[in-house]
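First listed ligand is number 1; within each ligand, the first listed atom is number 1. In what follows, every heavy atom counts, from backbone to side chain, and hydrogens, waters and symmetry copies are set aside. Quantities reported herein were computed from a predicted structural model and do not represent experimental measurements. Residue numbers run from 1 in the order of the sequence given.
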Amino acid sequence: MLWAGEQGVRVGEQKLAIDGGKPMLPRPLEIGKGVSLLGDEERKAVLEVLESRSLFRYYGPHLLAKVEAFERASCDLLGSTYAVATSSGTAAIRAGLAALGVGCGDEVVVPAFTFIATVNAVVTMGAVPVFAEIDDSWGMDPGDLDGRITDRTAAVIPVHLENCASDMDPLLEVCRRYGVPVLEDTAQSMGATYRGRSLGTMGDLGAFSLQLEKNVTSGEGGLLVSDDERLYLRAARYQDQGGQFVTSTGSERGTGEIEPFVGENLRMTEIAGAIAGIQLTKLPGLLAAQRANHRRILRAIGEPPGLEFRRRPDAEGDGCSSIGFFLPDADLARRFAKALIAEGLPAGRMYRGQPVYATESILQKRTASGKGGPWNCAEHPTGVDYRMGMCPHTEDLAARSALVMVAASYTASQCDAVAEAILKVCGALLGR
Ligand SMILES: Cc1ncc(COP(=O)(O)O)c(C=O)c1O
């Protein structure tokens with residue numbers, strides 16, 4: 001039996017901090033993945049680039065080729081053949097969709113529970129997002145995906161939320177059966193694995209984010225990986241204005257091996273590449289520490305009655321940046337998250353407990369031009385409509401979800417305090 005907080009009072013019978021009791025942690029715990037490891041190595045690498053005066057990845061007076069080195073190192077670490085770095089994770093998804101030739105007239109299946117960027121990337125590339133239900137892993141439900149594929153489906157984007165894999169084998173089986181390409185949104189999960197394979201390397205393409213909250217960060221940044229040379233060449237062209245520099249050798253501008261097309265500027269800077277390259281070397285250590293802390297907390301909390309855990313399709317490969325829960329109902333999920341925060345835990349409800357299509361711009365199919373966007377393009381005068389209630393299983397799971405973040409920086413006693421806080425809140429809200 002765990003004892004903490006108020007002396008001589010059993011955990012689970014103590015007054016919650018949210019009700020005026022003593023918080024389990026004296027100060028709220030700080031989280032941070034790659035950002036918590038920023039140090040002298042990154043500072044040195046940035047200064048090197050500044051001193052070289054070569055801040056652009058494709059040329060400069062003394063080009064250090066930091067972006068290219070980051071791309072190569074990412075391939076080695078993830079087990080991928082090709083990589084192209086980008087200015088953001090959203091940019092990586094956009095370049096991936098461009099590589100697949102996705103555009104007007106196409107549908108792209110995305111999970112109904114994800115960050116809005118997954119959906120925005122599809123819409124801004126001119127395609128119509130179609131939402132599939134999630135399952136208790138918070139990943140796309142393979143059974144539901146099967147029913148969402150039509151002859152307009154040009155890609156499927158499974159999303160690996162919070163360093164934990166979607167159930168890729170059944171998802172890939174469905175996509176292969178229909179011959180639909182897969183772009184994995186691995187923005188939140190660089191370095192995590194599923195049955196021995198790196199997330200992002202099982203589909204045709206994998207997109208990663210290097211935004212501030214991610215495992216590897218350069219503040220903003222992204223990466224797209226693939227084993228398919230043609231897809232890689234097309235993505236590399238797209239992020240470089242259709243091939244301004246990627247097709248050049250020295251001062252000669254070549255045409256490259258593939259047909260030209262219009263692109264945009266989604267290029268990574270050398271400063272970002274320098275930081276990302278150092279951060280990448282710290283990724284295995286970050287994941288190992290998160291996993292050890294996660295294990296310690298899980299062992300201490302056991303299986304409190306009334307609390308269900310997010311299913312992990314491959315617990316061993318999980319990058320372990322959070323523990324996901326399901327509460328018996330939405331009201332309890334809200335109170336659970338609030339109570340944990342009051343105890344000093346970095347906790348909350350993923351995406352406010354709502355499906356991604358609850359976002360007003362999506363529900364109303366409103367783009368910047370106000371002219372209808374992909375839903376009304378000539379090739380695709382689609383009947384696709386969005387409304388609350390359209391993925392009822394996802395809405396139920398999302399509303400009952402809560403999560404506690406797990407950081408690499410937690411000490412053993414902080415891990416124990418996290419576990420005790422979870423038990424205290426469970427005791428008070430769910431009974432024993
Ligand atoms: C699931 C998911 N997809 C895409 C993105 C977009 O990445 P970025 O913010 O680097 O554009 C994010 C960022 O948080 C994300 O969480």
Side-chain angles (χ1 to χ4, degrees), residues 31-35 67 70 74 83-98 102 108-125 127 129 131-132 134 137-140 155-166 168 171 182-192 199-200 203 205-225 235 238-239 264-269 271-273 275-276 279-280 310 319 321-322 324 348-352 354-359 361-362 394 398 401 403 405:
I31 50 160
K33 298 175 185 122
V35 69
V67 176
F70 167 63
S74 297
V84 59
T86 56
S87 52
S88 71
T90 310
I93 301 174
R94 287 174 58 79
L97 290 172
V102 172
V108 176
V109 185
V110 298
F113 194 54
T114 179
F115 182 56
I116 189 65
T118 318
V119 185
N120 284 347
V122 171
V123 175
T124 58
M125 290 306 289
F131 297 97
I134 57 159
S137 71
W138 292 354
M140 189 184 279
V156 171
I157 309 186
V159 182
H160 307 295
L161 291 180
E162 268 299 324
N163 275 300
C164 182
S166 299
M168 285 306 287
L171 286 169
V182 175
L183 193 171
E184 294 172 72
D185 181 342
T186 321
Q188 302 181 5
S189 305
M190 187 181 247
L199 304 190
L205 293 146
F208 300 84
S209 167
L210 311 184
Q211 183 266 345
L212 191 69
E213 289 181 29
K214 304 306 189 292
N215 294 349
V216 166
T217 187
S218 49
E220 291 276 18
L223 184 80
L224 185 71
V225 300
Y238 186 78
Q239 58 88 43
E264 58 181 314
N265 176 6
L266 305 173
R267 295 179 297 242
M268 178 178 273
T269 69
I271 296 269
I275 300 170
Q279 282 265 296
L280 196 69
R310 169 192 185 184
S321 51
S322 69
R349 300 173 74 223
M350 198 86 169
Y351 306 131
R352 299 172 302 283
Q354 291 203 305
V356 66
Y357 56 72
T359 310
S361 53
I362 299 301
T394 300
S401 292
L403 85 169
M405 307 306 293

- request: Go through the steps for Glu264 and Arg94 under the test salt bridge (Lys or Arg N to Asp or Glu O under 4.0 Å), then give the verdict.
  value: CA-CA 10 Å; Glu264 58 181 314; Arg94 287 174 58 79; 2.6 Å; yes
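When only interatomic distances are considered, the shortest N/O to N/O separation between Val159 and ligand 1 does not fall below 3.5 Å. The N/O atoms of Gln188, backbone and side chain alike, include one that comes under 3.5 Å of an N/O atom in ligand 1. For ligand 1, one of its N or O atoms has an N or O atom of Ser209 under 3.5 Å away.
Residue-level proximity to ligand 1 for Thr90 is carried by backbone and side chain together, each with a heavy atom below 4.0 angstrom. Within the 4.0 Å heavy-atom criterion, neither part of Glu213 lies near ligand 1.
Residue, atom and distance of the protein heavy atom nearest to atom 13 (C) of ligand 1 are Lys214 NZ, 3.2 Å. For atom 3 (N) of ligand 1, the nearest non-hydrogen atom of the protein is Asp185 OD2, 2.7 Å. Given atom 12 (C) of ligand 1, the protein heavy atom at minimum distance is Phe115 CD2, 3.4 Å.
Within 6.0 Å of the CD atom in Gln354, the count of heavy atoms belonging to other residues, nucleotides or ligands exceeds 12.
If you number the atoms of ligand 1 from 1 as listed, the ones under 4.0 Å from a heavy atom of Thr114 come out as 1 (C). Against a heavy-atom cut-off of under 4.0 Å, Thr118 is close to the following atoms of ligand 1: 3 (N). Near Gly89, with a cut-off below 4.0 Å to any heavy atom, the atoms of ligand 1 are 7 (O), 8 (P), 10 (O), 11 (O). Residue Ala187 has at least one heavy-atom neighbour below 4.0 Å for each of these atoms of ligand 1: 2 (C), 3 (N), 4 (C), 5 (C), 12 (C), 15 (C). Distances below 4.0 Å separate heavy atoms of Ala117 from the following atoms of ligand 1: 4 (C), 5 (C), 6 (C).
Glu184 and His160 share a donor-acceptor pair across their side chains, judged by distance under 3.5 Å alone. No side-chain donor-acceptor contact under 3.5 Å links Gln239 and Thr86.
With respect to Phe113, the ring-ring contact (aromatic ring centres under 6.0 Å, His included) criterion is satisfied by exactly one of Tyr357, Phe131, Tyr351: Tyr351.
Judged by distance alone, the side chain of Thr359 and the main-chain N or O of Val356 form a donor-acceptor pair under 3.5 Å. The closest donor-acceptor contact from the side chain of Ser209 to the backbone of Gln211 lies under 3.5 Å. Panel note: side chain Ser137, backbone Gly139; a donor-acceptor pair is recorded below 3.5 Å. Side-chain atoms of Asn265 come within 3.5 Å of backbone N or O of Arg267 as a donor-acceptor pair.
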